[in-house]
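Each remark here refers to the structure printed beneath this line.
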Amino acid sequence: MCHAQSQANYDETKVPKFTLPDVLTSFSGNPITNQTEWEENRRREILQFFEKQVYGKVPDRLDEFGFKLLEESNDAYGGKARRKQIAITLKKNKKSITYYMLIYLPKGNPTAPVFLGYNFYGNHTVTNDPKVQITKAWVKNNDALGITDNKASESSRGVRTHRWAIEKMLDNGFGIATIYYGEIDPDKDDFSDGIHPLFYRDGQSKPKTNEWGSISAWAFGLSKAMNYLESDVNISKVFVFGHSRLGKAALWAGATDKRFAGVISNNSGCGGAALSRRKFGETIEQINTSFPHWFADSFLKYNNNERTLPVDQHQLLALVAPRPLYVASALDDKWADPRGEFLSTYYASSVYGLYGKKGIGTKEMPKTNAPIQNTVAYHIRTGKHDVTDYDWENYIKWANTFVKK
Ligand code: GTR
């Protein structure tokens, strides 16, 4: 446990009293009573607020988007799956970045729904498949995973297979698409690398105050990956998945790009699904201090000042409505504030009601390992901050009902 984690509040009796901004009352105090008012007024103002004051705006459009099929096989996972490796290139101001997406699709169905999610250490870490290429991008060192000199190598192939229940997905008729997040923007407080510099004007060396941090950049990368995925005739729906910091990115991607058919946030915590006003576990001040590159600089003014925020994270969840949304927590992951993640689903649910969809349906947090699975779903499982088979079994079960149909 790092210093910030050991100093945090984990005592429910010390959670400050607060009033949450109502998702169905506009900033100027008007009640929102139907889908049109939600979509044309309220949704728009909430989205703009998160864009300018939390994650940061993408400064401009790309000049060019391109992709290339690098490799494909009909014989992955013992003949169960097709594999594709795609290079995606984004260009702006005569500069470009290229990132790589690994896709497995179940054979037997002409089209399949797909889970799209970033991985932390390279596509080759999510599978033992020897044909998956190894990222050449900067990677965070990790002694336990054998990653040194910020370089991935053959020795880290398959080290994260336990987080990706790929065979379960394939056996249930789902595909999987994954990208190494550091190829969009390396996860360090440095705005000279990754996608940000493509958009700089002469003399600029970092994004402006209300422009994108890394979470927004990662969300942008997912959205551009969607440009490829929607063109692939073998893919039907795509729902975006992410764990922890990448769960924050998945939520923001789902909020900003309605082409995603559903969103899964696994242990996303502060700046993800958890309510900031609870100040339980990680707080805005702590996250902005440990990870100054994740959010827009404009978010800094809410350090230890949550009361003045006109939004809270339940409104981020509401931006996903009426599409299916799954938020999951882990019992030992107090840093991510499981109760705050659950309550967010509760306070977002009234927007689902406008569409006749069933939100979470109760303010009472479910027992451990007892998922609630409506259009809005939630579970808290035993164990630590991680992605487990239990999580995937539940995502698959829920997706069978709410996303496949
Ligand atoms: C932690 C961070 C969390 C979460 C996590 C992760 O250190 O404080 O917000 O994002 O990292 O991504 O694993």
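Note that ligands are numbered from 1 as they come in the structure, with each ligand's atoms numbered from 1 the same way.
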**Pairing residues for Tyr99 by the ring pair (Phe, Tyr, Trp, His ring centres under 6.0 Å) criterion, not counting sequence neighbours** =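 Partners of Tyr99 by the ring pair (Phe, Tyr, Trp, His ring centres under 6.0 Å) criterion come out as none, since no residue qualifies.
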
**Contacts of Lys224 that satisfy salt bridge (Lys or Arg N to Asp or Glu O under 4.0 Å) - sequence neighbours left out** =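 Counting only residues at least two positions away or on another chain, Lys224 forms no salt bridge (Lys or Arg N to Asp or Glu O under 4.0 Å).
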
**Asked** In order of chain and number, which residues sit within 4.0 Å of ligand 1 by heavy atom?
**Response**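 Its neighbours under 4.0 Å (heavy atoms only) are Ser244, Arg245, Lys248, Glu282, Ile287, Phe291, Trp294, Trp335, His385, given by chain and number.
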
**Item:** side-chain hydrogen bond (donor to acceptor under 3.5 Å, both in side chains) partners for Gln373, two or more places apart
**Value:** Tyr326, Asn394

**Request:** Examine Arg42 relative to Phe27 and say whether NZ or CZ is less than 6.0 Å from the centre of the six-membered ring and inside a 45° cone about the ring axis.
**Result:**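 Yes, cation above the ring, under 6.0 Å and within 45°.
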
**Asked** Taking Asp312 for the side chain and Pro21 for the main chain, is one N or O donor matched with an acceptor at less than 3.5 Å?
**Response**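 Here the side-chain-to-backbone pair does not exist.
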
**Message:** If we check side chain to side chain contact (heavy atoms under 4.5 Å, CB included) with Leu343, which of these qualifies: His314, Gln313, Arg277, Lys363?
**Reply:** Lys363

